[in-house]
Number of protein chains: 2
Amino acid sequence: MREFKRNSRILLIDDNADHLRGIKELITLESSYNVVGATTSANIGINLAKKYRPDIILMDINMPEKDGLQAIQEIEKLDMDIRVICLSGYDDADLIFRAMKIGAKGYVLKTMASAQLIYAIDEVASGKIYLPTALTSRFFEYFQRSFKDEANAATEENLLTYLTAREEEVLDLLTQGNNYKGIAGKLFISETTVKTHVNNIFQKLQVNDRTQAVLYALNNGFAKRRAKLAV
Amino acid sequence: MREFKRNSRILLIDDNADHLRGIKELITLESSYNVVGATTSANIGINLAKKYRPDIILMDINMPEKDGLQAIQEIEKLDMDIRVICLSGYDDADLIFRAMKIGAKGYVLKTMASAQLIYAIDEVASGKIYLPTALTSRFFEYFQRSFKDEANAATEENLLTYLTAREEEVLDLLTQGNNYKGIAGKLFISETTVKTHVNNIFQKLQVNDRTQAVLYALNNGFAKRRAKLAV
DNA sequence: GAAACTATCAATCTAAAGATGTAAGACAAA
DNA sequence: TTTGTCTTACATCTTTAGATTGATAGTTTC
């Protein structure tokens, strides 16, 4: 990981020209960071990012022209180790969650003191991830809520435990979108045997068909990582 | 949500008796919180929690007898609005992530200053979630790493965008385990119409059957929250 | 107003899936 | 040794799923 110094290069993206000017002044006067670009357009901003390769981007995520979150994803996809800090007018938990999920390194409210913005840049420039305490709390509430169902599902009685090893193998192949022939081929057994296993799986999981079996498996923690489509 | 005061009732669980005594003294002397119980056993702790209904539990999560995380889950399952703060010797990102995922309201390192422990209790007592800045950073690194694949999948060309509104409805019902008849009944259209839609969905998603369609949908961010089995 | 797209429905056919019963060999536990 | 479970396998039958073609009516778009 690159070492960032206080002279990191910064790109500003904010559709509000006044705000853009304000931030630029703030950073220029109150810090030693180098503003290498400033634009009111997300699309232009992405192009500027490719061109100037800034260390950090301050991005307004409430823009009419283009969704700021989408812009972040595009920047992340460039894989140029550009760290994006979100600027937002809203402390909406869902927004914060989605921003952090797609790789934002910081999230600062526009209403916050300028010193906090500089501090956020300092932290991100030194390789850390920065969220103000208040937003961290909001984030975690949302985070825990979104995982609550999963946690409960994990503690409920899980019919998957009744499956034999072989049945688990078969179910695993089902969760990859295989049909009878595909499973038989991969397990080197006959198609009729697969049918037997699959029928036993249906009985044990109390479902009527393979789609329901797959859904039960995925909703109850069965090999989530392996559940990739094998077309 | 209950309002917590500085006289919140606290239960301590830590397999190290010396540490347990130390924390008890600290809280008694340095704060106005009320320690209603202290034990070196996770199992006893859970029983004490049921009995004394503390507002907050300080729980060591590195115990030999019982996994601290499991103990937290059991306490959360009681659904008694008991807030658990983890005490841990390790700032392992995976541990922090799992603890927060299952509902811990705080995570404090044993090596941290006693003032920070009191502060954490203050925050949690007032209904917030507290993680020290350093651990927050670790948490987010882990968080973003674990979501990276999903984020990439979301930015890839998503065949789901080609679906019409009606086709999305049909796919939604497919991801709930419905067959043709079920979908037809729920959308008040004929079974043959459903077949037409489903076939169009297969074409657009480039899959061969409904199971693969459902898997594609789930793996590409289609209505994850709604993907519950309707048996 | 024509062209393109969408939603609806039907008929027909083939292939696949699912239900049910039976059974043999392997192996482990009682 | 017997009992039970697991894995394998087959036959048979019914139902569902999927492919294909064609058709009508409404909507949107240009």
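Throughout, a chain's letter reflects where its sequence line sits, starting with A, and its residues are numbered from 1. Note that these values count all heavy atoms, side chains included, but never hydrogens, waters or copies made by symmetry. Quantities reported herein were computed from a predicted structural model and do not represent experimental measurements.
For the salt bridge (charged side-chain N to carboxylate O under 4.0 Å, His left out) test, no residue two or more places apart in sequence or in another chain qualifies with A:Glu25. With sequence neighbours left out, B:Arg98 forms a side chain to side chain contact (heavy atoms under 4.5 Å, CB included) with B:Leu69, B:Asp94. A search for ring-ring contact (aromatic ring centres under 6.0 Å, His included) contacts involving B:Phe140 returns A:Phe139, not counting sequence neighbours. Applying the salt bridge (charged side-chain N to carboxylate O under 4.0 Å, His left out) test to A:Asp92 and every residue at least two apart in sequence or in another chain returns nothing. In this structure A:Tyr130 satisfies the ring-ring contact (aromatic ring centres under 6.0 Å, His included) test together with A:Tyr119, sequence neighbours excluded. Looking at residues two or more places apart in sequence or on another chain, you find a side chain to side chain contact (heavy atoms under 4.5 Å, CB included) between A:Ala17 and A:Arg21, A:Thr40. In this structure, B:Asp79 has no salt bridge (charged side-chain N to carboxylate O under 4.0 Å, His left out) partners at least two apart in sequence or on a different chain. Applying the salt bridge (charged side-chain N to carboxylate O under 4.0 Å, His left out) test to B:Lys51 and every residue at least two apart in sequence or in another chain returns nothing.
Here D:dC6 presents its C1' atom at 16 Å from CD of A:Gln203, a figure rounded to the nearest Å. Regarding B:Gln212, its CD atom lies at a distance of 16 Å from the P atom of D:dA17, rounded to whole Å. Taking atom CD on A:Glu169 and atom C1' on D:dT8, their separation rounds to 13 Å, with Å as the unit. The distance between atom CZ of A:Arg210 and atom P of D:dT16, rounded to the nearest whole Å, is 15 Å. For A:Asp209 and D:dT14, the CG to C1' distance is 16 Å, given to the nearest whole Å. The interatomic distance linking A:Asn208 (CG) with C:dA17 (P) rounds to 16 Å, in whole Å. Taking atom CG of B:Asn179 as the reference point, atom P of D:dG18 lies 11 Å away to the nearest angstrom.
The bend of the helix from C:dG1-D:dC30 to C:dA30-D:dT1, defined by the angle between the axes of its first five and last five pairs, stands at 50° to the nearest 10°.
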Using the 3.5 Å cut-off, write out each protein N or O paired with an N or O of nucleotides 23-30 of chain D and the distance between them.
none

Heavy-atom contacts, protein to nucleotides 3-14 of chain C, under 4.0 Å, summarised as B (base), S (sugar-phosphate only) or - (none) per nt, yield ---SSBBB----
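Among the atoms of the strands shown, base atoms are found under 4.0 Å from some heavy atom of B:Asn199.
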A:Thr196/A:Thr193 under side chain to side chain donor-acceptor pair (under 3.5 Å): CA gap, chis, key distance, verdict: CA-CA 5 Å; A:Thr196 306; A:Thr193 304; 5.7 Å; no
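Proximity of B:Tyr180 to the phosphate of D:dT15: no side-chain N or O atom is located under 4.0 Å from OP1 or OP2.
Applying the salt bridge (charged side-chain N to carboxylate O under 4.0 Å, His left out) test to residues at least two apart or on different chains, the pairs with a partner in residues 193-208 of chain B are B:Glu167-B:Lys204.
A salt bridge links B:Arg166 with B:Glu169; the closest basic N to acidic carboxylate O contact falls under 4.0 Å.
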